[in-house]
Amino acid sequence: MKRNSRIIAIIIAMLMVLSTSFVFAEEVQASEIKAYTVDYMFDLDDTVTEHTTIYYSDDMFAGSSSKYDEHLATTSMGLCLAAGYEKDINSLLSNMGFDGVKSNYSTKDAKKENIAFSYAKKELANGTILIPVVIRGSHYESEWVDNFNAGKSGDAKGYSSAASTVCKYINAYIKSLKTKKVKLWVVGYSRGAAVADLAAESLTKTYGKAKVYGYCFEGPMTNKGNGKKANIHHIRNAYDGVTLVLPSYMGFGTAGKVDAKIGDLSNESQMKSMLQKYVVKENVSSLYESPRDFAWAKMDTSVLLKVSKLPISELSESEIKRMVLVGKLGIDEAQKLSDIQEGKFPIVKQYTAETGEFWTLLLKKLKATIPSRKAYNSTRSANVKSVNGTTVEKSFMGIMKWYTSKNDSAKEAVQDQVVASLLNCFKTKEGRRVISKVLDPSIKLTMSKKEYKAVVNAFASGLNANSSFKKTIGGGLETVLKLLDKDLASDQQILASVLYEEGSKSNINKLIFPHGLEVTMAWLMIADSYYE
């Protein structure tokens with residue numbers, strides 16, 4: 001009897017344990033994976049709204065922050081797509097169930113610590129508050145002006161000041177929640193990735209590695225970090241030149257580690273398929289040109305140099321014809337001049353290669369010219385001052401402030417004015433001399449006051465701007481010419497290859513397209529089983 005009662009007791013105990021297990025299992029049941037539509041502005045056209053799909057579940061934050069999650073990576077990149085415009089990212093966060101969405105997108109006034117970002121909160125099943133921090137990296141206003149400010153030591157100043165701004169807001173926000181039971185989801189693309197890297201590092205020091213999930217896409221170098229922060233994940237395209245800024249040979253690295261390298265050309269067709277199916281309605285060829293067929297080229301500057309020495313004050317079609325008639329120009333030279341006036345430079349193709357060869361040569365050139373961080377700062381300090389005392393930072397900040405004050409149609413008009421102004425420069429004798437000097441590495445660029453004023457006036461006359469802004473333009477223009485002469489144009493092959501076009505294809509597209517948000521999203525989808 002006792003034996004039977006013991007068996008019955010054991011059976012009852014087992015049933016109680018099993019029933020408790022079922023209840024517990026029900027309480028921690030995995031959250032549902034849901035699809036969300038991401039509305040975002042097409043990266044190459046601010047007037048086109050595109051849509052893609054991301055998948056999200058609260059369980060993405062159940063695992064270790066140090067483990068790279070391909071699903072969370074794609075979802076994080078989706079947030080970066082939407083972050084181009086405040087309304088898009090705030091709407092997406094709300095749709096995903098996050099409460100009290102807040103944002104700081106007041107970046108039209110040019111200030112070095114500017115950065116645009118949004119954040120919100122959501123209570124998870126275990127009571128933890130999840131806080132996404134989404135940092136803008138596209139469709140900039142004025143925040144890009146400090147991208148090349150390396151600072152003398154430590155973190156790159158142009159990114160660290162912005163990261164400090166982000167952390168100040170987030171720390172105050174967490175304090176207002178009156179709980180330390182939080183998890184932080186910090187994401188960014190391009191400049192936003194650099195800021196996210198440093199912000200996530202700072203927040204990790206404050207709240208601990210387990211509480212911070214960092215995902216950084218196509219970001220520049222940020223500090224002298226050794227890439228050992230396992231909870232900050234970097235995703236980079238092998239052909240993206242932006243990831244080489246600021247260069248590693250100067251001692252720069254990142255706080256987080258590179259967990260995913262995208263851009264494998266053996267999967268290029270699959271990526272393009274994903275791009276067309278999930279990301280954009282546009283023709284893929286308008287978004288992506290393969291980096292495998294970059295054309296190395298050289299510049300034929302002979303006709304520019306010849307014309308720059310001729311005693312003419314204006315270069316018109318009639319003047320070109322007159323010079324042909326009097327034997328000062330050949331017919332081929334005249335055709336080259338006409339092409340140049342239409343924006344077609346006399347460039348000759350040499351051979352093709354992958355764009356990786358271009359970035360390797362460019363870094364080699366920069367290292368020979370500017371071998372260290374100290375040399376970089378010294379060169380920068382020596383070249384940023386214009387003849388009128390305006391630094392290049394102030395010039396760019398002034399230009400950006402003026403540009404971002406305009407609506408989209410006005411911005412297009414400004415772009416047309418800039419192109420017209422550049423051609424206007426070429427129509428002056430002084431302008432042709434300066435352009436010839438920039439294009440020909442054998443000529444040292446030393447602008448006389450007469451040349452400076454003529455070029456600046458020719459350029460500024462095409463802009464619908466006040467005299468103060470024209471002065472700002474002047475400071476920036478001369479500085480850019482000096483930097484070009486010192487660092488890039490002295491290698492004619494680099495400059496010619498950047499400008500080379502062949503039919504509808506252009507080398508500049510092959511260099512910039514690997515950095516595209518949409519392209520990055522498509523590469524991530526290849527590795528994500530949620531997309532087929």
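Residues: numbered from 1 along the sequence shown.
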> Is there a side-chain contact between Leu177 and Ile131 (heavy atoms, below 4.5 Å)?
yes

> Within the 3.5 Å criterion, strictly below it, is a donor on Tyr288 or Glu518 matched to an acceptor on the partner's side chain?
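There is no such pair between these side chains.
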
> State whether the side chain of His71 and the backbone N or O of Asp528 hold a donor-acceptor pair below 3.5 Å, judged by distance alone.
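It does not hold such a pair.
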
> Just verifying a value: how many Å separate Phe252 CZ and Asn223 CG, rounded to the nearest 0.5 Å?
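Interatomic distance, Phe252 CZ to Asn223 CG, rounded to 0.5 Å: 8.5 Å.
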
> When you compare the side chain of Ser290 with that of Glu268, does any pair of heavy atoms fall below 4.5 Å?
yes

> I'd like to know if the side chain of Ser91 pairs up with that of Asp88 as donor and acceptor (distance under 3.5 Å, no hydrogens or angles considered).
no

> So, for Leu275 and Val519, which heavy atoms are closest and what is the spacing to 0.1 Å?
CD1-N, 4.1 Å

> Taking the ring centre of each residue, are Tyr278 and Tyr531 less than 6.0 Å apart?
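Yes, the ring of Tyr278 comes within the 6.0 Å limit of the ring of Tyr531, centre to centre.
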
> Please check if any side-chain donor atom of Glu354 sits under 3.5 Å from a side-chain acceptor atom of Tyr239, or the reverse.
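The answer is yes; a qualifying pair exists.
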
> Go through the steps for Phe117 and Tyr169 under the test ring-ring contact (aromatic ring centres under 6.0 Å, His included), then give the verdict.
CA-CA 10 Å; Phe117 59 98; Tyr169 275 80; 5.4 Å; yes

> Please determine, by modelled atom types, if Asp197 and His234 share a side-chain donor-acceptor pair under 3.5 angstrom.
yes

> Can you name the closest pair of heavy atoms from Cys80 and Val134 and give their distance?
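That closest heavy-atom pairing would be N-CG1, 4.4 Å.
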
> Hydrogens and angles aside, do Thr352 and Asp293 bring a side-chain donor and acceptor to less than 3.5 Å of each other?
no

> Which residue in the set His51, Glu50, His139 passes side chain to side chain contact (heavy atoms under 4.5 Å, CB included) when paired with Tyr40?
Glu50

> When you measure from the side chain of Lys229 to the backbone N and O of Gly214, does any donor-acceptor pair fall under 3.5 Å?
no

> If you look at every heavy atom in Ser65 and His233, which pair is closest and at what distance?
O-NE2, 2.8 Å

> Do Tyr36 and Thr75 pass the side chain to side chain contact (heavy atoms under 4.5 Å, CB included) test, and can you show the C-alpha distance, the side-chain angles, and the key distance before you say yes or no?
CA-CA 10 Å; Tyr36 296 90; Thr75 301; over 6 Å; no

> For the residue pair Phe294 and Tyr500, is the inter-centroid distance of their aromatic rings smaller than 6.0 Å?
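Not close enough - the centres of the two rings lie 6.0 Å or further apart.
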
> Working to the nearest 0.5 Å, report the span between CG of Leu362 and CD of Glu357.
12.5 Å

> Strictly distance-based, threshold 3.5 Å: is any side-chain N or O of Thr243 a donor or acceptor partner for the main-chain N or O of Asp240?
yes

> How close do Ala527 and Glu70 get, heavy atom to heavy atom, and via which atoms?
O-CG, 3.5 Å

> Under the side chain to side chain contact (heavy atoms under 4.5 Å, CB included) test against Lys183, which residue among Val212, Ile129, Thr128 passes?
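The single option meeting the side chain to side chain contact (heavy atoms under 4.5 Å, CB included) with Lys183 is Thr128.
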
> Do Leu184 and Tyr213 have side-chain heavy atoms sitting under 4.5 Å apart?
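Side-chain contact under 4.5 Å: no.
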
> What heavy-atom pair brings Ile174 and Thr179 nearest, and what distance separates the two atoms?
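Reported closest heavy-atom pair: CG2-O, 3.8 Å.
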
> Do Tyr68 and Ile235 come within less than 4.5 Å of each other through their side chains, counting heavy atoms only?
yes

> Has Ser202 got a side-chain atom pairing as donor or acceptor with Ala199's backbone, closer than 3.5 angstrom?
no

> Tell me if a side-chain donor or acceptor on Thr360 pairs with a main-chain N or O of Gly356 at a distance below 3.5 Å.
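The answer is yes, because a donor-acceptor pair under 3.5 Å joins these two groups.
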
> Ignoring hydrogens and geometry, is there a side-chain-to-backbone donor-acceptor pair from Asp264 to Ser266 under 3.5 Å?
yes

> Are Met96 and Leu92 close enough that some pair of their side-chain heavy atoms sits under 4.5 Å apart?
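Yes, at least one pair of side-chain atoms sits under 4.5 Å.
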
> Would you say Asn171 and Tyr207 are linked by a side-chain donor-acceptor pair, where the criterion is simply a distance under 3.5 Å?
yes

> Just by distance, do the side chain of Thr165 and the backbone of Ser161 share a donor-acceptor pair under 3.5 Å?
yes

> With heavy-atom distances below 4.5 Å as the criterion, would you say the side chains of Ile526 and Met274 are in contact?
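SC-SC contact between Ile526 and Met274 confirmed.
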
> Any sub-3.5 Å donor-acceptor pair from Ser506's side-chain atoms to Glu501's backbone N or O?
no

> Would you call Val133 and Val166 a side-chain contact if the rule is heavy atoms closer than 4.5 Å?
yes

> If you measure from OG on Ser160 to CD on Glu201, what distance do you get to the nearest 0.5 Å?
10.5 Å

> May I ask you to decide whether Asp58 forms a salt bridge with Lys122, counting only side-chain N to carboxylate O separations under 4.0 Å?
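Yes, Asp58 and Lys122 are salt-bridged.
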
> Please test Tyr159 against Arg191 for side chain to side chain contact (heavy atoms under 4.5 Å, CB included), starting from the C-alpha separation and ending with a verdict.
CA-CA 8 Å; Tyr159 305 131; Arg191 171 176 167 81; 3.4 Å; yes

> Is there a salt bridge (Lys or Arg N to Asp or Glu O under 4.0 Å) between Asp69 and Lys67 once you walk through the steps?
CA-CA 6 Å; Asp69 184 329; Lys67 183 180 179 181; over 6 Å; no

> Show your working on side chain to side chain contact (heavy atoms under 4.5 Å, CB included) between Thr520 and Asn237 and close with a plain yes or no.
CA-CA 8 Å; Thr520 300; Asn237 190 312; 5.8 Å; no

> Nearest 0.5 Å, please: how far is CG in Asp59 from CG in Leu72?
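One gets 12.0 Å once the value is rounded to the nearest 0.5 Å.
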
> Contact between Phe98 and Tyr119 at the side-chain level, heavy atoms closer than 4.5 Å - yes or no?
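Heavy-atom side-chain distance check fails, nothing below 4.5 Å.
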
> If only atom types and distance count, is the side chain of Arg373 paired as donor or acceptor with the main-chain N or O of Gly151 below 3.5 Å?
yes

> Let's go through Ile232 and Lys257 carefully: what are the C-alpha distance in whole Å and the side-chain angles of both, what is the deciding distance for side chain to side chain contact (heavy atoms under 4.5 Å, CB included) to 0.1 Å, and is it a yes or a no?
CA-CA 6 Å; Ile232 306 173; Lys257 62 176 183 176; over 6 Å; no

> So among Glu218, Arg136, His515, which one has a side-chain hydrogen bond (donor to acceptor under 3.5 Å, both in side chains) with Ser190?
His515

> Indicate whether any N or O donor in one side chain lies under 3.5 Å from an N or O acceptor in the other, for Asn231 and Thr204.
yes

> If you look at every heavy atom in Ala196 and Gly188, which pair is closest and at what distance?
CB-N, 3.9 Å

> How long is the straight-line distance from CG of Asn267 back to OG of Ser273, given to the nearest 0.5 Å?
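It comes to 12.0 Å.
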
> Hydrogens and angles aside, do Asn90 and Ser103 bring a side-chain donor and acceptor to less than 3.5 Å of each other?
yes

> Any chance you could measure Glu502, atom CD, to Asn507, atom CG, to the nearest 0.5 Å?
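Reported to 0.5 Å precision, the distance equals 9.0 Å.
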
> Do the ring planes of Phe61 and Tyr56 sit parallel (below 30°), tilted (30 to 60°) or perpendicular (above 60°)?
tilted

> Would you find a donor on one side and an acceptor on the other, under 3.5 Å apart, between the side chain of Tyr249 and the backbone of Leu366?
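Side chain of Tyr249 to backbone of Leu366, a donor-acceptor pair under 3.5 Å: yes, one is there.
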
